[in-house]
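The next block holds one structure in the form of structure tokens; read it before the comments.
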Amino acid sequence: MFDAWSSPAQADWRPQTGEPWPAPEAPISHHERTLESSTGRTVRAHLALFDSRRYRLAVLDLGAELAPASAWPEHMRAAGLLAAVNGGFFHADGQPLGLVIAEGTRLNRFETAKLLSGVLYGDARGIHLERRVRFQLRTGIDALVQSGPYLVEHGRAVRGLSTNDVSRRTFIATDWRRHWVLGATRDGLTLAELAEALSTPGALAPWAVERALNLDGGTSTGFLFDPGAGQAPIQVRARRPVRTLVGVRAR
């Protein structure tokens with residue numbers, strides 16, 4: 001997944017369209033942003049912004065037979081999720097790559113593959129995003145996915161990310177206080193470009209991103225948001241069935 005440490009100069013990302021950001025204390029909200037880079041790349045992203053004091057992380061297991069995007073709204077409603085994206089990586093037979101804890105049930109095992117550099121998990125205390133080497137499995141964790149690579153750390157784009165593969169992307173990011181964003185792009189960009197965009201103030205979040213993690217992207221990339229009030233869900237359809245969803249529900 002990684003190129004050599006040397007890389008081109010960082011692109012300058014500027015928002016082209018997007019409604020004003022919500023107030024920090026606002027309920028979970030959907031935003032669509034269009035970004036343009038100084039290199040000419042245009043990327044549209046769907047975002048779900050939320051506060052971890054009011055919302056909890058959820059991981060849904062869609063089964064080894066995998067579930068197409070058309071089935072996502074049904075799974076989402078049944079689980080009481082307000083927003084969701086596709087989750088971690090999985091093998092061709094549907095087996096998850098790395099540890100998954102879905103609705104409190106443990107799937108597979110913890111793995112140390114280089115790709116799986118981050119651990120996203122939730123418990124009664126909140127939502128957590130840590131480097132694999134710092135993570136310790138403990139009781140009380142009811143939602144978890146191993147994924148990667150790490151995109152942003154300490155507010156800076158991680159060095160050495162791929163500058164070659166242009167694909168749709170799925171990600172989660174936080175200011176490491178209480179604000180989080182689940183996101184998916186409609187257009188392709190490299191991992192290095194995504195990290196640059198996330199670390200650009202005001203590009204993909206109204207607050208400074210302190211850390212961010214890549215989830216399974218490419219044809220797996222999908223996004224779902226329930227606006228409520230009987231409205232149809234906002235959806236970016238994944239182009240292939242996936243094993244897990246990472247979502248958000250009210251506390």
Side-chain angles (χ1 to χ4, degrees), residues 21-31 46-61 75-76 78-88 96 98-108 110 116-156 158 170-184 195 198-199 201 204-216 223-226 228 244-251:
W21 293 117
E25 305 305 319
I28 189 169
S29 59
H30 166 262
H31 291 261
H46 283 267
L47 310 167
L49 297 162
F50 62 97
D51 186 326
S52 59
R53 295 176 304 176
R54 303 174 65 176
Y55 303 94
R56 293 193 64 164
L57 185 74
V59 175
L60 300 187
D61 177 24
H75 287 285
M76 182 175 167
L81 301 189
L82 303 173
V85 295
N86 59 292
L99 178 62
V100 173
I101 298 178
E103 302 288 68
T105 299
R106 181 171 175 172
L107 309 173
N108 203 22
F110 195 75
L116 305 177
S117 57
V119 183
L120 170 69
Y121 65 98
D123 57 21
R125 295 183 300 127
I127 305 174
H128 315 273
L129 178 54
E130 296 180 1
R131 281 281 188 177
R132 181 187 65 227
V133 295
R134 300 191 187 103
F135 173 74
Q136 290 187 331
L137 186 62
R138 59 179 182 270
T139 58
I141 295 175
D142 56 10
L144 181 151
V145 289
Q146 269 191 274
S147 193
Y150 240 74
L151 298 168
V152 177
E153 192 168 31
H154 305 308
R156 297 183 178 181
V158 172
T170 308
F171 58 89
I172 187 165
T174 178
D175 64 357
W176 205 231
R177 292 179 176 88
R178 60 182 185 272
H179 302 112
W180 292 78
V181 57
L182 279 173
L198 284 163
S199 60
L204 290 173
W207 27 260
V209 171
E210 202 276 343
R211 61 188 69 179
L213 183 71
N214 181 65
L215 299 172
D216 188 12
F223 176 94
L224 196 61
F225 185 89
D226 183 2
T244 57
L245 296 181
V246 170
V248 181
R249 61 164 63 101
R251 284 186 172 274

Rounded to the nearest 0.5 Å, what separation is found between the CG atom of Leu144 and the CG atom of Leu99?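 So the gap between those two atoms works out to 5.0 Å.
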Could you grab the distance from atom CG of Leu204 to atom OG of Ser199, nearest 0.5 Å is fine?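 Nearest 0.5 Å value for the CG-OG distance: 9.5 Å.
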For [X] against [Y], the heavy-atom pair lying closest together:
X: Ile28; Y: Ala83; answer: CD1-CB, 4.1 Å
X: Val209; Y: Val152; answer: O-CG1, 3.8 Å
X: Ala173; Y: Trp207; answer: O-CH2, 3.8 Å
X: Asp123; Y: His128; answer: OD1-NE2, 3.0 Å
X: Gly228; Y: Asp226; answer: N-OD1, 2.9 Å
X: Ser147; Y: Leu213; answer: O-CD1, 3.8 Å

Check the surroundings of atom CZ in Arg54: do more than 12 heavy atoms from other residues, nucleotides or ligands lie under 6.0 Å from it?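 Yes, enclosed.
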For atom CZ of Arg177, decide whether the heavy atoms of other residues, nucleotides or ligands shown that lie under 6.0 angstrom number more than 12.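 Counting other residues, nucleotides and ligands, CZ of Arg177 stays at 12 neighbours or fewer.
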Can you check whether [Y]'s main-chain N or O pairs, donor with acceptor, with [X]'s side chain at less than 3.5 Å?
X: Arg249; Y: Ala58; result: no
X: Ser52; Y: Arg178; result: yes
X: Arg53; Y: Gly126; result: no
X: Ser117; Y: Gly148; result: no
X: Asn86; Y: Asp216; result: yes
X: Asp175; Y: Glu210; result: no
X: Thr170; Y: Ala184; result: no

Run the side chain to side chain contact (heavy atoms under 4.5 Å, CB included) test on Asp61 and Val100 for me, step by step, so that the C-alpha distance in whole Å, both residues' side-chain angles and the decisive distance to 0.1 Å come before the verdict. CA-CA 9 Å; Asp61 177 24; Val100 173; 5.9 Å; no
Kindly indicate, with the supporting measurements, whether the criterion side chain to side chain contact (heavy atoms under 4.5 Å, CB included) is fulfilled by Glu130 and Tyr121. CA-CA 9 Å; Glu130 296 180 1; Tyr121 65 98; 2.9 Å; yes
Begin with the C-alpha distance, continue with both residues' side-chain angles, and end with the deciding distance and a verdict on side chain to side chain contact (heavy atoms under 4.5 Å, CB included) for Phe110 and Leu116. CA-CA 10 Å; Phe110 195 75; Leu116 305 177; over 6 Å; no
Taking the side chain as every heavy atom from C-beta outward, state whether [X] and [Y] have any atom pair closer than 4.5 Å.
X: His179; Y: Leu49; answer: no
X: Tyr55; Y: Pro27; answer: yes
X: Gln146; Y: Asn108; answer: no
X: Leu120; Y: Val246; answer: yes
X: Leu224; Y: His75; answer: no

Check Ile127, Val248, Asp142 against Arg56 for a side chain to side chain contact (heavy atoms under 4.5 Å, CB included) and give me the one that passes.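 So, applying the side chain to side chain contact (heavy atoms under 4.5 Å, CB included) to Arg56 and each of Ile127, Val248, Asp142, only Asp142 qualifies.
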If the test is side chain to side chain contact (heavy atoms under 4.5 Å, CB included), which one of Ile101, Leu57, Val119 qualifies with Ile141?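 Answer after filtering Ile101, Leu57, Val119: Ile101.
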Would you call the rings of Phe223 and His30 parallel, tilted or perpendicular, taking 30° and 60° as the class edges?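 The arrangement is tilted - the two ring planes meet at 30° to 60°.
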Relative to the ring of Trp180, is the ring of Phe50 parallel (under 30°), tilted (30 to 60°) or perpendicular (over 60°)?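 Rings of Phe50 and Trp180: parallel, as their planes differ by under 30°.
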Could you check Leu151 against Phe171 for side chain to side chain contact (heavy atoms under 4.5 Å, CB included), going step by step and ending with a plain yes or no? CA-CA 9 Å; Leu151 298 168; Phe171 58 89; 4.2 Å; yes
ring-ring contact (aromatic ring centres under 6.0 Å, His included) with Trp176: which residues, sequence neighbours excluded?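 Residues passing ring-ring contact (aromatic ring centres under 6.0 Å, His included) with Trp176: none at all.
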